[in-house]
Novice: 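Could you have a look at this structure, given as structure tokens, before my questions?
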There are 2 protein chains.
Amino acid sequence: MNKNEFLLTQGNVCRHLYFLEKGALRGFYNLDGKEITHWFGFEKDFVTSFHSFITGEAAVENIQLIEGCTLWAIAKETLTELFNQHHDIERLVRIAYEKYYIRLEERYVNAQFKAAKERYEELIQQAPHIVERVPLGFIASYLGISQETLSRIRSRF
Amino acid sequence: MNKNEFLLTQGNVCRHLYFLEKGALRGFYNLDGKEITHWFGFEKDFVTSFHSFITGEAAVENIQLIEGCTLWAIAKETLTELFNQHHDIERLVRIAYEKYYIRLEERYVNAQFKAAKERYEELIQQAPHIVERVPLGFIASYLGISQETLSRIRSRF
DNA sequence: TTTAATTTTTGACTTATATCAAAAACCCAA
DNA sequence: TTGGGTTTTTGATATAAGTCAAAAATTAAA
């Protein structure tokens, strides 16, 4: 699939879990007319609109490619069957959840209690590939700061 | 156990998952000399220091009773055995994780993109029991705002 | 190339929320 | 009941980050 294409648009139910073999994409939603990027996916990541995939409700978010991508999709029903047939896979997923949860907890603490500058510095430390491959505007909303402020932080003000 | 007692103090590994039959408690950690409450537990909740319980690392947080509580504890090893013996329990836990994850995602979005006042109003809507049973100071840090600001919001300024 | 479109930077100004300090209200224990 | 401790409120001031607008810089297209 090509750059800027959508894997999912808001209002639709996300019925697949994707495996991103190659490329980069982002999940974002609209808030007061602004696009808020809240996660990125890169090579070897499993991606989906988590809330919609789990609950079966319409997604509030969009998934859009930042680069050309190679993707594999697995339908939710297929995954459920796998869970029934292979205990090990369910265990793997359970453990994956634990890791994701812990990571989100950390992001949460950062969002709420760290200054914009610190958040950016930590991002450079922990996920330099994001800073390298993603436009500044997306990163700003991902960090929950305005584009202008991020630009100023970058020029170390 | 009695009010103000600790179930866990930072620096120790949390080896149990607790079931809170009755009472209320909070998880908090220290940041720049301030106590940041980041979750509450009430009747019928399962509680633990998630990160420490999962990873086996020392906890950065404390768990303290807000009221007198009746608690049950299950050790991590016991839980692991249960997973091995009963596929159903692992499935239950997997599904619990999904719900917790979604809830945290929502909180995250609120923390980053909503104003202090909105966050408080949503809390009243979605978890009035917190507002009723928990001191204002704890709620303020839970919402990521200062006690003074929350006090002013409350007196609808 | 040369132009057009997009993204990033810079500047001036505003605003929400934090901080520090002190007063008021509340809650118990003796 | 009364006095001490905690919790909440109020006031004054400071500051990080947002907004709006326009100028650079970069990227894409013709």
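Residue numbering restarts at 1 for every chain, and letters A, B, ... go by the order of the sequence lines.
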Novice: When rounded to the nearest 0.5 angstrom, what is the spacing between OG in A/S141 and OH in A/Y29?
Specialist: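 Atom-to-atom, A/S141:OG and A/Y29:OH are 8.5 Å apart.
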
Novice: Report yes if at least one side-chain N or O of B/S155 is closer than 4.0 Å to OP1 or OP2 of D/dT10; otherwise report no.
Specialist: yes

Novice: Please give, in whole Å, the distance from C/dA16 C1' to B/L150 CG?
Specialist: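 Computing the B/L150:CG to C/dA16:C1' distance gives 15 Å.
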
Novice: Could you state the CD-C1' distance from A/E118 to D/dA16, rounded to the nearest angstrom?
Specialist: 12 Å

Novice: Given atom CZ of A/R119 and atom C1' of D/dG18, what is their separation to the nearest angstrom?
Specialist: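 Atom CZ in A/R119 sits about 13 Å away from atom C1' in D/dG18.
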
Novice: Report the distance from atom CD1 of B/I153 to atom P of C/dT17, rounded to the nearest whole Å.
Specialist: 7 Å

Novice: Please round to the nearest 0.5 Å and tell me the distance separating atom CD1 of B/I36 and atom CG of B/N62.
Specialist: 12.0 Å

Novice: Please list residues of residues 139-148 of chain A whose heavy atoms come under 4.0 Å from any atom in DNA chain C, ordered by number; otherwise none.
Specialist: A/Q147, A/E148

Novice: Are any of A/R154's side-chain N or O atoms less than 4.0 Å away from OP1 or OP2 of C/dT9?
Specialist: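 For C/dT9, OP1 or OP2 has a side-chain N or O of A/R154 closer than 4.0 Å.
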
Novice: Where each residue is assigned the nucleotide of DNA chain C containing its nearest heavy atom, which of A/P135 and B/K3 is assigned the position nearer the 5′ end?
Specialist: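 Its nearest nucleotide being more 5', the pick is A/P135.
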
Novice: Rounded to whole Å, how long is the line connecting atom CG of A/N4 with atom C1' of C/dT6?
Specialist: 11 Å

Novice: Flag the pair A/E98 and A/R94 as a salt bridge only when some basic side-chain nitrogen lies within less than 4.0 angstrom of an acidic carboxylate oxygen.
Specialist: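 Salt bridge present between A/E98 and A/R94.
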
Novice: A/H16 and A/T48: which non-hydrogen atoms are nearest, and at how many Å?
Specialist: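 Heavy atoms only, the tightest pair is O-OG1, 2.8 Å.
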
Novice: Where the side chain of A/L136 is defined as all heavy atoms beyond and including C-beta, which of C/dT9, D/dT9, C/dT10 is the nearest nucleotide?
Specialist: C/dT9

Novice: Quick one: sort the A/F40 and A/Y142 rings into parallel, tilted or perpendicular, breaks at 30° and 60°.
Specialist: tilted

Novice: Can you tell me the distance, in whole Å, between the CD1 atom of B/I66 and the P atom of D/dT6?
Specialist: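 Rounded to the whole Å, the gap is 18 Å.
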
Novice: Please check the phosphate of D/dG18 (OP1 and OP2 only) for any side-chain N or O of A/K34 closer than 4.0 Å.
Specialist: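 So the side-chain polar atoms of A/K34 never come under 4.0 Å of the phosphate oxygens OP1 or OP2 of D/dG18.
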
Novice: In terms of ring plane angle, is the pair B/Y97 and B/F50 parallel, tilted or perpendicular, where the classes change at 30° and 60°?
Specialist: perpendicular

Novice: Given the structure, check if the side chain of A/R152 and the base of D/dG18 hold any donor-acceptor pair shorter than 3.5 Å.
Specialist: no

Novice: Looking only at side-chain atoms of A/T149, point me to the closest of D/dG18, C/dT9, D/dT19.
Specialist: D/dG18

Novice: Yes or no on side chain to side chain donor-acceptor pair (under 3.5 Å) for B/H38 and B/E61, after CA distance, side-chain angles and deciding distance?
Specialist: CA-CA 9 Å; B/H38 69 130; B/E61 70 183 337; 2.6 Å; yes

Novice: Return the value, rounded to whole Å, for the distance between atom CZ of A/F138 and atom P of C/dT6.
Specialist: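 Those two atoms, CZ and P, are 13 Å apart.
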
